[in-house]
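Written out below as structure tokens is the structure these notes cover.
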Amino acid sequence: MEVTRERAWETLTRYTKSEALLRHALAVEASVGSYARRSGENEDLWRATALLHDFDYEIHPTLDKHPQDGAGILREEGWPEEVVEAVLSHAEHLELPRDTPLKRTLFACDELSGFVHACGLVRPTGLDGLEPKSVKKKLKQPLFAAGVHRDEVYAGAELLGLELDEHIRNVIAALQPIAPELGLRTAADAPAA
Ligand SMILES: [Fe+2]
Ligand SMILES: [Fe+2]
């Protein structure tokens with residue numbers, strides 16, 4: 001099959017109805033897509049993988065099924081092994097090697113995209129003007145976006161060989177263009193001072 005983000009979106013939305021999960025998929029897609037573009041990788045394939053990484057979470061919300069049972073569905077649908085294996089590798093409990101740039105990037109963007117998204121939601125200007133410094137400060141507040149695994153955020157940056165600041169900056173920049181789809185305000189929405 002030809003791997004396109006449109007086809008991935010079609011598969012994703014067939015299994016996922018929750019707005020929060022769709023927004024998570026879009027945020028991870030934007031981040032992974034920006035890394036694909038900057039390193040000259042197959043952007044459609046990387047975007048499709050990011051969109052699909054949690055596609056089965058709504059039907060398989062427990063770790064005895066997600067994402068491993070989802071992988072079977074993807075294979076039946078004809079998704080290439082490169083996509084399926086990357087989807088499988090995002091799950092910490094499967095302890096699979098992250099031995100390709102796609103696998104490393106997906107892992108590195110999964111938790112951080114959610115965290116940066118959460119940071120944007122509590123700011124009147126959304127992601128506009130958000131600095132890595134304040135994201136790092138919030139990472140140290142355990143009650144803020146408590147579901148985000150901090151250790152995976154730090155491990156992700158390390159896996160990409162990037163300073164955490166740079167990785168955060170990249171993710172912020174990747175999410176900014178899709179702020180409306182993520183339900184985020186922008187500087188244009190903020191009341192004049
Ligand atoms: Fe997941
Ligand atoms: Fe995820």
Side-chain angles (χ1 to χ4, degrees), residues 3 5 8-36 43 45-75 77 79 81-121 127 135 138-139 144-160 164 167-168 170-172 174-175 178 181-184:
V3 175
R5 70 93 54 195
W9 180 254
E10 196 277 315
T11 296
L12 169 66
T13 51
R14 210 159 358 100
Y15 291 94
T16 304
K17 305 298 169 195
S18 135
E19 184 174 58
L21 266 176
L22 291 174
R23 283 178 172 169
H24 172 63
L26 287 171
V28 178
E29 181 210 359
S31 300
V32 167
S34 82
Y35 277 111
E43 191 174 335
L45 187 130
W46 283 38
R47 283 185 177 270
T49 305
L51 281 175
L52 290 170
H53 83 280
D54 280 337
F55 91 97
D56 70 325
Y57 193 74
E58 210 170 282
I59 56 167
H60 301 143
T62 52
L63 294 183
D64 59 325
K65 296 202 158 119
H66 166 75
Q68 49 276 36
D69 288 10
I73 298 175
L74 293 178
R75 287 190 177 112
E77 286 201 9
W79 288 96
E81 227 16 55
E82 189 180 357
V83 171
V84 179
E85 274 169 27
V87 165
L88 283 167
S89 76
H90 89 270
E92 282 288 73
H93 65 282
L94 298 180
E95 296 179 17
L96 296 168
R98 299 196 176 102
D99 51 5
T100 67
L102 173 57
K103 291 178 187 176
R104 290 190 280 273
T105 306
L106 176 62
F107 175 74
C109 292
D110 191 3
E111 297 293 282
L112 184 58
S113 299
F115 193 79
V116 167
H117 188 188
C119 291
L121 285 172
L127 299 171
V135 174
K138 285 211 156 42
L139 280 169
F144 181 82
V148 173
H149 299 105
R150 269 59 172 177
D151 49 341
E152 294 182 25
V153 169
Y154 302 127
E158 209 175 294
L159 202 57
L160 291 184
L164 185 56
H167 186 34
I168 292 172
N170 292 341
V171 167
I172 293 171
L175 300 193
I178 60 158
E181 289 97 311
L182 298 180
L184 291 167

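Whatever order the structure lists them in is the order used to number ligands and atoms, beginning at 1.
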Margin query: Could you check whether any side-chain N or O of Arg23 sits under 3.5 Å from a backbone N or O of Glu181, counting only pairs where one atom can act as donor and the other as acceptor?
Written below: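 Confirmed, Arg23 side chain pairs with Glu181 backbone.
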Notebook entry, point to check: In terms of heavy-atom contacts, does CD of Glu81 have more than 12 from other residues, nucleotides or ligands at under 6.0 Å?
Noted result: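 More than 12 within 6.0 Å, yes.
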Next item on the list: Of all N, O or S atoms in Asp54, identify the one at the shortest distance from the Fe ion (ligand 2).
Entry: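 Going by distance to the Fe ion (ligand 2), the closest N, O or S atom in Asp54 is OD2.
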Next item on the list: With the Fe ion (ligand 2) as the reference point, give the N/O/S atom of Asp110 that is nearest.
Entry: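 Looking only at N, O and S atoms of Asp110, the one nearest the Fe ion (ligand 2) is named OD1.
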Notebook entry, point to check: Are the aromatic rings of His167 and Tyr35 close, with centres under 6.0 Å apart?
Noted result: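 Yes, they do, as the ring centres are separated by less than 6.0 Å.
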Notebook entry, point to check: Of the backbone and side-chain N, O or S atoms of His53, does one lie nearer to the Fe ion (ligand 1) than 2.8 Å?
Noted result: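 It does not; every qualifying atom lies at 2.8 Å or beyond.
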Next item on the list: Search all heavy atoms of His93 against all heavy atoms of Pro67 and return the closest pair with its distance.
Entry: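 Taking His93 first and Pro67 second, the nearest heavy atoms are CE1-CD, 3.9 Å.
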Next item on the list: Quick one: report the N, O or S atom of His66 that is nearest to the Fe ion (ligand 1).
Entry: NE2
